[in-house]
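Side chains are part of it too, since the values below use all heavy atoms of this structure and drop only hydrogens, waters and symmetry mates.
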Amino acid sequence: MFPVFTQQSKLWSEDNRKYLIENLSRTKDSIVAETKNLSQAQWNFKESSGRWSINQIVEHLAIWETLLQREISQALVAGSRPELNKEARTDSAVVGFLMEENPHIATEYTKPFTFTVPIGLNDGKNNLTWLLKLRNEGINYVDSTTADLRAYFLRPGRGNVHQVFITIFAHTERHLRQIRKVKLDAKYPKR
């Protein structure tokens, strides 16, 4: 039997809020730490021609942060639909998918378009500024909202807004692993 949702029923807890803020902040701080004082050569180094540079990774994160924040905005405008939680994946399934070791091909999620593939034309520091602006807005929203983030969905079968925020920080964590791998390459510039 599914719970009855009333105006007083709140699915999103203060512990959920704390969890999002801690992880959004932690991954933001990790991106800042991993890119601090990088030279232009370090920002643009690629392990091979088919791999992304740290600059491109940060650009990709900023692109996805933009897309996911748009999804959040659209879900909030669509209105509260808590009954869709019965179709939503678990939080751990969202994290598990993003943290798996299998490669994720960016264009598989945006067919027939390639807009999540970074071009690398922006300066790395500009991409970081873009990402941090968006992340700070997201953190501020989560910190101050009174909305029940588990009651808003873009569409049936898609995660609730709380889970979209999980996607944001887990996606960042996934690409932090990629940045660290780039830095471990024997040819990675010392400066």
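- Under a hydrophobic clustering in which Ile, Leu, Val, Met, Phe, Trp and Tyr are joined whenever their side-chain heavy atoms come within less than 4.5 Å, directly or via other members, Val164 and Ile166 fall into the same cluster.
- One hydrophobic cluster, built from ILVMFWY side chains closer than 4.5 Å, cannot hold both Leu154 and Val77; they sit in different ones.
- Remark: side-chain polar atoms of Thr114 are not paired, donor with acceptor, to backbone N or O of Val117 under 3.5 angstrom.
- No salt bridge links Glu83 with Lys86; every basic N to acidic carboxylate O contact stays at or beyond 4.0 Å.
- No hydrogens or angles considered: a donor-acceptor pair under 3.5 Å links the side chains of Gln163 and Asp91.
- When each of Lys183, Gln42, Glu34 is paired with Ile54, the side-chain contact (heavy atoms from CB on, under 4.5 Å) condition holds for Lys183 and for no other.
- Between the side chains of Arg135 and Thr172, a donor-acceptor pair is found at a separation under 3.5 Å.
- Between Val182 and Arg51 the shortest side-chain heavy-atom distance does not fall below 4.5 Å.
- Of the charged side-chain nitrogens involved, none lies within less than 4.0 Å of a carboxylate oxygen, so that Lys187 and Glu47 do not count as a salt-bridged pair.
- At least one side-chain heavy atom of Phe45 sits under 4.5 Å from a side-chain heavy atom of Pro189.
- Looking only at distances, no side-chain donor or acceptor of Glu65 sits under 3.5 Å from a matching main-chain atom of Leu131.
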Output side-chain donor-acceptor pairs under 3.5 Å for residues 92-104, partner residues at least two apart or in another chain, one line each.
from   : atom 1 : to     : atom 2 : distance (Å)
Ser92  : OG     : Thr90  : OG1    : 3.2
Glu100 : OE2    : His104 : NE2    : 2.7
His104 : NE2    : Phe97  : O      : 3.3

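- Residue Arg70 qualifies as open at atom CZ: its count of foreign heavy atoms under 6.0 Å is 12 or below.
- Remark: Thr35 OG1 to Ile179 CD1 distance equals 7.0 Å, nearest 0.5 Å.
- Between Tyr152 and Ser80, the shortest heavy-atom distance links the atoms CE2-N, 3.3 Å.
- The aromatic rings of Trp64 and His60 sit perpendicular to each other, their planes meeting at more than 60°, with 30° as the lower class boundary.
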Inset, instruction - Decide salt bridge (Lys or Arg N to Asp or Glu O under 4.0 Å) for Arg158 and Glu87; before the verdict, give the C-alpha distance in whole Å, the side-chain angles of both, and the deciding distance to 0.1 Å. - result: CA-CA 8 Å; Arg158 181 70 173 130; Glu87 300 175 38; over 6 Å; no

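- Under the 4.0 Å criterion applied to side-chain N and carboxylate O atoms, Arg180 and Glu173 are assigned as salt-bridge partners.
- Nearest heavy atoms, Gly138 versus Gln69: N-NE2, 3.9 Å.
- Between Tyr19 and Phe165, the ring centre distance reaches or exceeds 6.0 Å.
- The CD1 atom of Ile139 lies 12.0 Å from the OG atom of Ser144; values are rounded to the nearest 0.5 Å.
- Between Lys133 and Glu137 there is a salt bridge, since a side-chain N of the basic residue sits under 4.0 Å from a carboxylate O of the acidic one.
- A 4.5 Å side-chain heavy-atom check between Phe169 and Lys28 finds every atom pair outside the cut-off.
- Trp12 has its side chain within reach of Thr145: a pair of non-hydrogen atoms, C-beta onward, lies under 4.5 Å apart.
- In terms of modelled atom types and a separation under 3.5 Å, the side chain of Asp143 and the main chain of Asn140 share no donor-acceptor contact.
- With values rounded to the nearest 0.5 angstrom, Ile63 atom CD1 is found 7.0 Å from Thr116 atom OG1.
- When atom types are taken as modelled, the side chain of Arg81 and the backbone of Ala151 share no donor-acceptor pair closer than 3.5 angstrom.
- To the nearest 0.5 Å, the span separating CZ on Arg191 from CD on Gln40 amounts to 11.0 Å.
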Inset, instruction - Check the pair Gln178 / Trp52 against side chain to side chain contact (heavy atoms under 4.5 Å, CB included), numbers first and verdict last. - result: CA-CA 9 Å; Gln178 186 181 11; Trp52 291 349; 4.0 Å; yes

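- Within the 4.5 Å cutoff, the side chain of Asn160 has no heavy atoms near those of the Leu149 side chain.
- In this structure, Ile31 CD1 and Ile57 CD1 are separated by 8.5 Å, a value rounded to the nearest 0.5 Å.
- Between the CG atom of Leu132 and the CG atom of Leu61 there is a distance of 10.5 Å, given to the nearest 0.5 Å.
- Residues Leu11 and Pro82 meet the side-chain proximity criterion, which asks for heavy atoms closer than 4.5 Å.
- Criterion: ILVMFWY side-chain heavy atoms under 4.5 Å apart, direct or through other members. Under it, Ile72 and Leu67 are part of a common hydrophobic cluster.
- The side-chain heavy atoms of Thr107 and Phe115, taken from C-beta on, include no pair separated by under 4.5 Å.
- At a threshold of 4.5 Å between side-chain heavy atoms, the hydrophobic network of Ile, Leu, Val, Met, Phe, Trp and Tyr places Ile168 and Ile21 in one connected group.
- Heavy-atom minimum distance, Leu20 versus His162: CD1-ND1, 3.3 Å.
- Checked by atom type and distance alone, the side chain of Asn127 never pairs as donor or acceptor with a backbone atom of Gln56 at under 3.5 Å.
- Between Val58 and Trp43, some side-chain heavy-atom pair lies under the 4.5 Å cut-off.
- No side-chain N or O of Arg150 forms a donor-acceptor pair with one of Asn85 less than 3.5 Å apart.
- Closest approach of Ala147 and Tyr141 over heavy atoms only: CB-OH, 3.8 Å.
- Closest non-hydrogen pair, Asn55 versus Gly124, comes out as OD1-CA, 3.1 Å.
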